[in-house]
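Quick note on labels: first sequence line is chain A, next is B, and so on, each numbered from 1.
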There are 2 protein chains.
Amino acid sequence: MTGKQNEEAAPPLVLEDFIPYRLNKAAEAISRRFASQYRDEYGLTRPEWRTLATLGQFGALSATAIGAHSSMHKTKVSRAVFSLEQRHWLKRKRDEADRRTEHLELTPAGRKAYQLLATMAHNYETELFARLGERGAKELKAGLSALEAYYRQGR
Amino acid sequence: MTGKQNEEAAPPLVLEDFIPYRLNKAAEAISRRFASQYRDEYGLTRPEWRTLATLGQFGALSATAIGAHSSMHKTKVSRAVFSLEQRHWLKRKRDEADRRTEHLELTPAGRKAYQLLATMAHNYETELFARLGERGAKELKAGLSALEAYYRQGR
DNA sequence: TCTATTTAGTTGCATTTGTGACGATCTTTT
DNA sequence: AAAAGATCGTCACAAATGCAACTAAATAGA
């Protein structure tokens, strides 16, 4: 498992032990698995899925609010909204008080898709927790919480 | 903290609690911080940094091996190698037994850069652990290990 | 009230990434 | 030993992403 390291002066960095690398790889692997589900079933991209999930959770939001809540860039949201609109999964309503903003809301079809996808998500997570074991799952959540607390407050 | 949820039939999915989402966001945040260091100091991209780190750790590898070890796509590695070669941080040696493969190895300059970057990486991690606290760090590592054990073996 | 600044969302452009095809080389099969 | 298949690395092309400029609309300041 441990490859031969380089015989040099300074501290050797073992990539497989380096937290940013491990996190990236884990996130990649775990997300990819779930992503392949909604991609294969619905042809959804990740930004589209996130937008759908956010709207499903909150009911009606502006594009900016979706971005803020799901940490996506303006343009990503914009394109995802466009795409979901074309599927007739959401509709836009111009805010009459502030006519720059539009309120995005799932259509019945969109809501239906959301239900199915949310169920898939729950199942995925349930299975994941089962495989991690009670202990692993607990540690993972705790570790993530610690990380979130860290980067949530600047620096 | 808990937003108002949608009054619908099925299980509501709370995105901020969903593991794939949390993992992604955490990985993104943590990587970005470190990435900005090597980007600002050396103008390195992430694939370049990973390639450098892998070669620094193992000494001499083929492009394919780098990709396998650091989970990067062929073409990403190919481009990173090209770029590092242009900086004169690595050199290629054609394998005489199998002339398709090339063995990549850091030059003295490359090794020097690697030393500095590895040190930066260690410092970053040390600071991260300090901020997470002993407990948080321990949980994070344990959680990651559980995840790795999960996805390492197929399925 | 008129101007300057800010905000919401979209679009064009440059950069990055992935996909598929490719030439070259090696391996396997027949 | 000839043909078929696999593997290594690269390239051309297409898709996804981010950045900056933009329009439209609201707000703040003079």
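Scored by the ring-ring contact (aromatic ring centres under 6.0 Å, His included) test, A:H88 finds no partners at all (sequence neighbours excluded). Residues satisfying the salt bridge (charged side-chain N to carboxylate O under 4.0 Å, His left out) criterion with A:E41, sequence neighbours excluded, are absent altogether.
For B:R32, the CZ atom counts as loosely surrounded, since its 6.0 Å shell holds 12 or fewer non-hydrogen atoms of other residues, nucleotides or ligands. Annotation: A:K138, atom NZ; neighbour count of heavy atoms from other residues, nucleotides and ligands within 6.0 Å does not exceed 12.
On the nucleic acid side, DNA chain C has its first and last nucleotide under 4.0 Å of a heavy atom of chain B at C:dT17 to C:dC26, going 5' to 3'.
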Please write out each protein N/O paired with an N/O of nucleotides 2-8 of chain D under 3.5 Å, distance rounded to 0.1 Å.
{"unit_1": "D:dT7", "atom_1": "O2", "unit_2": "B:R100", "atom_2": "NH1", "d": "2.9"}

Strictly under 3.5 Å: I want the nitrogen or oxygen pairs between protein and nucleotides 15-19 of chain D, one per line.
{"unit_1": "D:dG18", "atom_1": "O6", "unit_2": "A:R79", "atom_2": "NH2", "d": "3.0"}

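For B:R92 (side chain) and B:E102 (main-chain N/O), no donor-acceptor pair under 3.5 Å exists by modelled atom type. Within the 3.5 Å criterion, the main-chain N or O of B:E28 finds no donor-acceptor partner in the side chain of B:S31.
Defined by atom type and a distance below 3.5 Å, a donor-acceptor pair is present between the side-chain atoms of B:Y21 and A:S71. Side chain to side chain, A:R79 and A:T45 fail the donor-acceptor criterion of an N or O pair below 3.5 Å. A:Q57 and A:H69 share no donor-acceptor pair across their side chains, judged by distance under 3.5 Å alone.
In this structure, CZ of B:R99 is placed 14 Å from P of D:dG9, rounded to the nearest angstrom. One interatomic measurement links the two molecules: CD of B:Q86 to P of D:dT10, which rounds to 12 Å at whole-angstrom precision.
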### Query
Can you list the steps and then say if A:L13 with B:L117 is a side chain to side chain contact (heavy atoms under 4.5 Å, CB included)?
CA-CA 9 Å; A:L13 178 71; B:L117 282 161; over 6 Å; no
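Between B:W49 and B:F34, the ring centre distance stays below 6.0 Å.
No contact: B:R94 has no heavy atom under 4.0 Å from any strand. Note on B:A65: nothing from the nucleic acid sits closer than 4.0 angstrom, heavy atoms only.
Contact annotation: B:S78 side-chain N/O to D:dT10 OP1/OP2 distance is under 4.0 Å.
The rotation axes computed at either terminus of the helix from C:dT1-D:dA30 to C:dT30-D:dA1 lie 10° apart, taking five pairs at each end and rounding to 10 degrees.
Judged by the 6.0 Å distance and 45° axis criteria, B:R33 is positioned over the aromatic ring of A:Y150.
One finds a salt bridge joining A:K93 and A:E105 here, because a Lys/Arg side-chain nitrogen approaches an Asp/Glu carboxylate oxygen to under 4.0 Å.
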